[in-house]
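Proteins come first, then strands; the chains are lettered A, B, ... in the order of their sequence lines, and each starts at number 1.
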Number of protein chains: 2
Amino acid sequence: MSSSLPPSTETPAAAPAPGPAFSPLYQQIKGLILQSLEAGEWRPGELIPSEMELAARFRVSQGTVRKAIDELAAENLVMRRQGKGTFVATHSAQQVQYRFLKLHPDTGDVQEEGRAQRRIIDCKRVRAPAEIARLLSLRSGDAVMQVRRVLAFVGTPTILEDIWLPGQAFKGLTAEQISAYQGPTYAMFEVEYGVRMVRAEEKIRAVLPDAEQAELLQVSTSTPLLSVERVAYTYNDVPMELRRGLYLTDTHHYRNALN
Amino acid sequence: MSSSLPPSTETPAAAPAPGPAFSPLYQQIKGLILQSLEAGEWRPGELIPSEMELAARFRVSQGTVRKAIDELAAENLVMRRQGKGTFVATHSAQQVQYRFLKLHPDTGDVQEEGRAQRRIIDCKRVRAPAEIARLLSLRSGDAVMQVRRVLAFVGTPTILEDIWLPGQAFKGLTAEQISAYQGPTYAMFEVEYGVRMVRAEEKIRAVLPDAEQAELLQVSTSTPLLSVERVAYTYNDVPMELRRGLYLTDTHHYRNALN
DNA sequence: TAGTGGTCTAGACCACATA
DNA sequence: ATGTGGTCTAGACCACTAC
């Protein structure tokens, strides 16, 4: 940030050196708000200060704060509600529950989705294999929590998931904790571990299950399945979860909107 | 639109009756610009009038036009370029070529993507079966153009596509025309048929190919493939293309960003 | 009634592109 | 030098929410 805040008499660093080093005022404000979100000054679901208050705090006009918040809202980091204020986004919010779940029933049926029946197969602390570590930006052998579970819709096993979480941040995670929690797992991560996932990337393939996977999903080893590898990130593009899912797509499909 | 343009003294309709019937001024302006885009007043790739000109035309402030254009830009309907102006988006633009193609090589290799070798298997005019007609909002038996082709990357057949297009809008489409055209097929649709696809929806499954499909992709019938059904829409949510693809995902994957 | 975000305007200056 | 979009400000009014 080289441009200074308005009433300040601060001088921009003499030689802006190599990088871009410039950014519009509203981007700088956005960065500051982001820092507060990251630091937990306002927690998921909480009201953040009004635009006027933030404008006063940062010594800029309301319009500048507004543009910063506009971008944060576009990235789903905060949620605006007219007449009430701006809230820190949360995976607990009804409107955005299961944001990252793109598997939908073929029948446009009502959200059976939240009603998934979960069966935890396994939940243990292990040393991260090289590939898992790489995807989570950890070192090989670092501790990670590993969870395996099956999600069933209307009694039919449909998703087999393996989840890896950094051991440090998710110390103490148990199968009981996961099964006990109602609602999205990502909401539990916010409440129990203070970790908020803000975006994710998925790589999708078609595969055949091995014998163990097939048995857990109660299908044959010649049933084609969707393989979905997801890396979920918290603030600052820090990866905090690796999830490998196998989706049965005979009664469901992965839905994607292209814009 | 019930709210009036500024200099007018018009009163909002007394009883707002049933519907919403209201929309902010900038939304109305957005709608007017959209109409011009739709009507072809400015064609894909062309410069649209400056914000000041549009403000004068519609008798609103530049800021209001700006907000309208902001939304159009966010929806990829126009593209802003500082210092130059605002352009009608086009699938020909280098930056957004193959926007709708989410299949990427596993090696983060340079865009081999455009370099796909295309082989047209078939291109004919047929009567739409019920399901195809439904997805294209046509009547069963209406004429549609049907294209089948194989895309190969570095010599390896990877995508088998069946494409259906409304016969009326795409009258005269030939295999030669498709193979002759360099660049995205969607760019050709703009140039040759004046049809611009603005968004699309995909449903993805894992499937096994039938004998014919397997042969065209040079794989066995037990090779799991990604089935991607895409409906592409032009302005006003009018469906203009149905595309069913089978993707070989041993060296490629479907990449998706979740926000 | 008071406070919030949402809309609209107007004017100033900046950064970029082109001639 | 000119014109474009990009940023920033300031002030006014509207619509929604809560008390």
Judged by each residue's nearest nucleotide on DNA chain D, which is more toward the 5′ side, A:G83 or B:P49?
B:P49
Regarding A:R66, tell me which of base, sugar-phosphate or nothing describes its non-hydrogen contacts under 4.0 Å with the strands shown.
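Base contact - A:R66 has a heavy atom under 4.0 Å of at least one base atom.
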Quickly work out the [X] [atom1] to [N] [atom2] distance and round it to whole Å.
| X | N | atom1 | atom2 | value |
| --- | --- | --- | --- | --- |
| B:L25 | D:dC13 | CG | P | 17 Å |
| B:E51 | D:dT7 | CD | C1' | 12 Å |
| B:M79 | D:dG5 | CE | P | 13 Å |
| A:E71 | D:dG6 | CD | P | 12 Å |
| B:R59 | C:dT9 | CZ | P | 13 Å |
| B:K67 | D:dT7 | NZ | P | 15 Å |
| A:L72 | C:dG5 | CG | C1' | 15 Å |
| A:M52 | D:dG11 | CE | P | 10 Å |

Verify the distance criterion only: is there a donor paired with an acceptor across the side chains of [X] and [Y] at less than 3.5 Å?
| X | Y | answer |
| --- | --- | --- |
| A:Y254 | B:N256 | yes |
| B:E192 | B:Y181 | no |
| B:T185 | B:R243 | no |

What nucleotide among D:dT4, D:dT7, C:dC8 has an atom nearest to a side-chain atom of B:T64?
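Within the option list, the nearest is C:dC8.
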Candidates D:dG6, C:dT4, D:dT7 - which lies nearest the side chain of B:R80
D:dG6
If only side-chain N and O atoms of [X] are considered, is one of them under 4.0 Å from the OP1 or OP2 phosphate oxygen of [N]?
| X | N | value |
| --- | --- | --- |
| B:T86 | D:dG5 | yes |
| A:R81 | D:dT17 | no |
| B:S61 | C:dA10 | no |
| A:K84 | D:dA18 | yes |

Closest heavy-atom pair and its distance - B:T234, B:R196:
OG1-O, 2.7 Å
Pick the closest DNA chain C nucleotide for A:L47 and for B:Q82 by heavy atoms, then say which residue is nearer the 5' end.
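Comparing both residues, the 5'-ward one is A:L47.
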Do B:L165 and B:L173 make a side-chain contact, defined as non-hydrogen atoms from C-beta onward lying under 4.5 Å apart?
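The answer is yes, as the side chains (C-beta and beyond) meet within the 4.5 Å cut-off.
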